[in-house]
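Okay, structure first, notes after.
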There are 2 protein chains.
Amino acid sequence: MATMRDVARRAGVSVATVSFVVNDSKPVSPGTRLRVEAAMAELDFRRNAVARALASRRTRIIALLFPVLQHRLSDTAARFFTGAAEAASELGYTVVLWPVPNDSESLRELTSDGLIDGVILMEVQLDDHRVDQLLAAKTPFTLIGRNRDPSALDYVDVDFEGMVEQSIDRLQSLGHRDFVLLEESDRLELEGYGPVVRVEETFQAVCAERGLRGRTLRCAGTPAGGRTFASTLLAEAPHATAILILNDHAAVGFVSELGKLGVSVPRDLSVVLIGSTVEVSAMADPELAVMRLPAAELGRMGVETLVGRLDGTLGDLRHDLLMGGFHEGESLAVAPVARGGLGRASA
Amino acid sequence: MATMRDVARRAGVSVATVSFVVNDSKPVSPGTRLRVEAAMAELDFRRNAVARALASRRTRIIALLFPVLQHRLSDTAARFFTGAAEAASELGYTVVLWPVPNDSESLRELTSDGLIDGVILMEVQLDDHRVDQLLAAKTPFTLIGRNRDPSALDYVDVDFEGMVEQSIDRLQSLGHRDFVLLEESDRLELEGYGPVVRVEETFQAVCAERGLRGRTLRCAGTPAGGRTFASTLLAEAPHATAILILNDHAAVGFVSELGKLGVSVPRDLSVVLIGSTVEVSAMADPELAVMRLPAAELGRMGVETLVGRLDGTLGDLRHDLLMGGFHEGESLAVAPVARGGLGRASA
DNA sequence: TTGTACGCGTTATCAG
DNA sequence: CTGATAACGCGTACAA
């Protein structure tokens with residue numbers, strides 16, 4: 001493998017000059033530049049990233065932290081990753097998905113051995129110890145999501161508040177006044193996951209504000225959990241005519257089971273999936289309305305923010321909220337006011 | 001950040017000695033070792049991975065190549081990644097998921113800039129240009145999957161042949177003699193994806209051998225594709241009593257639509273999902289039988305093989321085939337011989 | 001058992 | 001505009 005010295009010798013210049021043309025960090029006369037470029041081509045020169053990193057004290061690598069205990073890397077996370085990768089590549093960085101066990105040691109090692117310039121955190125918890133560790137390690141980072149008090153941190157997050165509000169808007173325009181919000185029970189118990197908390201708070205606030213009936217219920221984040229929940233819903237909230245679901249994995253089972261119980265979507269019940277994808281929505285029958293999670297955009301913005309911080313071109317803190325588009329699907333209909341609720345829906 | 005020099009000074013030894021205790025690459029007397037360790041602790045010394053890599057000419061980083069065009073990173077891939085990560089960590093390596101655009105330049109850069117020691121390839125195509133590129137670049141790599149002629153390469157792959165055979169065994173023991181294999185149409189057109197080809201060949205061979213009826217059909221790899229396929233099946237293979245599905249994303253829609261058409265699973269049709277997960281199987285109703293893809297194990301073995309190659313502790317080529325466990329689910333039943341096939345199933 | 005000194009391939013500084 | 005040359009932080013013969 002050819003080094004800069006080889007190229008320099010071949011072109012009859014010094015290594016410094018070669019470096020200048022490689023990075024064009026300094027002006028170089030057209031003549032020598034040509035000679036250097038020729039030499040590089042002839043020798044098939046590839047710059048050594050490790051040496052480069054050692055000398056410049058930056059690797060231009062960004063780690064997207066992936067908690068290894070979390071066994072499901074959703075579609076959403078994949079999109080997020082590719083969005084981030086694209087943006088990084090445009091900015092001269094590369095982002096890699098880095099598996100980090102949940103012990104505190106691994107994160108310290110990762111951030112202190114100099115192999116990465118910065119970190120992007122996803123699946124941020126309300127009280128996330130990783131944030132403190134990164135602050136202590138003085139590693140530049142940005143959040144995808146928010147912890148309890150992110151006011152002093154760079155973050156990009158989904159505008160769950162807006163998404164909930166907009167979903168309710170849409171349903172209200174169809175005459176619905178009696179809502180249920182379905183969340184995932186396991187996640188909440190875990191510690192306090194931002195989206196879950198924020199969605200619930202917004203949901204309750206909006207309902208109160210507008211004089212709507214709003215009830216929050218939960219079930220396990222599995223298809224079976226959703227199935228079981230179908231009858232729970234009929235028992236606990238028979239009058240509801242619309243449901244917002246923040247529980248991807250339960251949604252399909254839930255809707256399928258509803259059908260068996262004689263409840264028709266959307267005739268008897270309108271359904272909106274929050275923060276999911278059209279792919280998931282298409283798994284259900286009928287295809288569900290969904291407020292999409294703007295995954296790729298989040299990834300892109302996360303990287304742009306972090307790179308801005310790394311390159312020093314970012315002065316103030318960045319706090320961005322993004323909303324995903326609304327996909328209508330086949331699960332919305334005018335509220336069945338005349339029918340008297342779910343209990344008699346199929347009668 | 002403390003360097004080795006700092007530690008050496010503090011402990012009153014030379015940097016070489018510090019290096020010896022850090023890597024224990026040479027015997028060190030208990031006394032000085034203790035002094036060095038104390039100094040390291042006091043100064044909170046962390047070795048610089050970049051300098052280490054430059055000097056030793058190895059980074060101990062393995063890249064798991066992730067094709068960015070592929071927007072769905074399945075559950076399976078996630079498991080695979082975590083399995084690989086675990087194994088790597090035990091062996092003193094770290095594996096990261098590296099996004100690689102599909103242009104040939106990116107892969108060359110990745111492998112020639114010295115940032116990674118080796119590569120693991122997943123989603124290997126029958127004719128995969130990446131293999132040639134890696135060979136040309138002399139980058140150590142192992143395949144998860146197989147290209148057309150992998151005889152000279154290290155690989156770990158799913159034993160699709162065994163899985164198909166075992167599935168047919170099970171169904172045959174229930175009296176089934178008339179099978180359909182459902183594959184994904186898009187993937188095959190793409191180029192020739194190993195699993196698809198191998199499963200089909202095995203399916204046809206086993207059926208021929210045992211005098212069974214076996215028909216291969218395809219549909220799009222989407223829920224909608226599966227739905228459409230339900231009626232296709234009734235038209236094209238009304239006599240079939242069992243179906244093997246190598247099409248994750250279509251399975252749920254397919255089964256759901258079958259129900260609407262009055263075909264009952266498993267009474268009228270037995271269903272086995274091939275190379276998927278219980279999570280996907282649970283999305284369907286009833287829960288499907290599934291020959292699981294041993295994802296985590298594949299990841300683990302892939303890393304073990306590659307590391308063995310990197311460390312030179314692996315003499316011969318490694319060719320490993322793994323089978324996943326069989327999950328019974330609720331989609332298997334005795335063949336409805338008396339009923340005369342799907343066409344009249346619900347009559 | 002420990003120390004010296006050089007090399008790894010670039011970048012960056014400073015002089016010309 | 002170009003060239004020497006000193007870092008960058010660590011591994012490792014070789015010498016002591």
Side-chain angles (χ1 to χ4, degrees), chain A residues 1-37 39-40 43-61 92 109 111-117 310-312, chain B residues 1-40 43-61 92 109 111-117 310-311:
Chain A
M1 192 100 307
T3 77
M4 276 195 173
R5 270 229 305 274
D6 302 329
V7 174
R9 218 182 336 254
R10 190 96 159 80
V13 298
S14 77
V15 285
T17 307
V18 177
S19 177
F20 297 154
V21 354
V22 167
N23 309 311
D24 51 26
S25 42
K26 289 240 157 109
V28 169
S29 77
T32 60
R33 149 160 286 138
L34 232 58
R35 296 217 314 286
V36 171
E37 278 167 350
M40 296 201 310
L43 298 177
D44 188 37
F45 167 76
R46 348 266 324 165
R47 67 170 164 228
N48 182 310
V50 178
R52 178 184 171 74
L54 180 60
S56 65
R57 263 161 313 228
R58 39 190 308 181
T59 61
R60 305 188 79 81
I61 294 184
E109 267 181 33
T111 56
S112 62
D113 67 2
L115 226 72
I116 58 171
D117 288 351
L310 290 174
D311 291 348
Chain B
M1 191 100 308
T3 77
M4 277 196 175
R5 269 228 307 273
D6 303 329
V7 174
R9 218 185 334 257
R10 189 95 159 79
V13 298
S14 78
V15 284
T17 306
V18 176
S19 176
F20 297 154
V21 356
V22 167
N23 308 312
D24 51 24
S25 42
K26 287 238 160 104
V28 170
S29 78
T32 58
R33 149 159 286 138
L34 231 59
R35 297 217 312 287
V36 171
E37 279 167 349
M40 295 200 311
L43 298 176
D44 186 38
F45 167 76
R46 346 268 324 165
R47 68 173 162 222
N48 182 309
V50 177
R52 177 187 173 73
L54 181 58
S56 64
R57 264 161 312 238
R58 39 189 306 177
T59 60
R60 305 187 79 81
I61 294 184
E109 266 181 33
T111 56
S112 63
D113 68 2
L115 225 64
I116 59 171
D117 288 351
L310 290 174
D311 291 348

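Just so we're on the same page: letters track the sequence lines, and every chain starts at 1.
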Please list all pairs passing the salt bridge (Lys or Arg N to Asp or Glu O under 4.0 Å) test where one or both residues lie in residues 7-23 of chain B, with sequence neighbours left out.
-> B:D6-B:R9, B:R10-B:E42
Heavy atoms under 4.0 Å, any strand shown: does A:S25 hit a base, just sugar-phosphate, or nothing?
-> nothing
Under 4.0 angstrom, heavy atoms only, what part of the nucleic acid is B:V13 near: base, sugar-phosphate, or nothing?
->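 The answer is sugar-phosphate, as B:V13 gets under 4.0 Å only of primed atoms, P, OP1 or OP2.
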Looking at A:S19, does any N or O in its side chain come under 4.0 Å of the phosphate oxygens OP1/OP2 on C:dT10?
->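 A:S19 to C:dT10 OP1/OP2: no side-chain N or O under 4.0 Å.
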In this structure, how many angstroms lie between the [atom2] atom of [N] and the [atom1] atom of [X], rounded?
X	N	atom1	atom2	value
B:R58	C:dG7	CZ	C1'	18 Å
A:K26	C:dT10	NZ	P	18 Å
B:D113	C:dT10	CG	P	11 Å

Atom pair CZ (A:R35) and OG (A:S29), whose distance is rounded to the nearest 0.5 Å =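 Taking CZ in A:R35 and OG in A:S29, the distance rounds to 7.5 Å.
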As a check of understanding: the bend across the helix from C:dT1-D:dA16 to C:dG16-D:dC1, end axes from five pairs, rounded to 10 degrees, works out to 40°
Sub-4.0 Å heavy-atom contacts from residues 4-11 of chain B onto DNA chain C, ordered by number =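 DNA chain C contact set from residues 4-11 of chain B: none.
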Selection: residues 46-57 of chain B, any non-hydrogen atom under 4.0 Å of DNA chain C | B:L54, B:A55, B:R57
Sequence neighbours excluded, which residues qualify as side chain to side chain donor-acceptor pair (under 3.5 Å) partners of [X]?
X	value
B:D117	B:T59
A:T17	A:S14
A:S25	none
B:R58	B:Y93, B:D311

Start with the C-alpha distance between A:R52 and B:D113, add both sets of side-chain angles, then the distance that settles side chain to side chain contact (heavy atoms under 4.5 Å, CB included), and finish with yes or no.
-> CA-CA 10 Å; A:R52 178 184 171 74; B:D113 68 2; over 6 Å; no
Partners passing side-chain contact (heavy atoms from CB on, under 4.5 Å) against [X] (at least two apart in sequence or in another chain):
X	answer
A:L54	B:V50, B:A51, B:L54
A:D44	A:R46, B:R108
A:V15	A:M4, A:R5, A:A8

On DNA chain D, reading 5' to 3', which nucleotide is the first and which the last to sit with an atom under 4.0 Å from a heavy atom of chain A, could you check?
-> D:dC1 to D:dG9
Take B:V13 and B:V21, measure what side chain to side chain contact (heavy atoms under 4.5 Å, CB included) needs, and give me the verdict at the end.
-> CA-CA 11 Å; B:V13 298; B:V21 356; over 6 Å; no
With the side chain counted from C-beta on, respond yes when B:L115 and A:I61 share a heavy-atom pair under 4.5 Å apart, and no when they do not.
-> yes
How do B:V15 and A:T3 order along DNA chain C: which one's closest nucleotide is nearer the 5' end?
->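 Nearest nucleotide further toward 5': that of B:V15.
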Does a sphere of radius 6.0 Å around CZ in B:R47 hold more than 12 heavy atoms from other residues, nucleotides or ligands, not counting ones at 6.0 Å or beyond?
->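 Result for CZ/B:R47: open.
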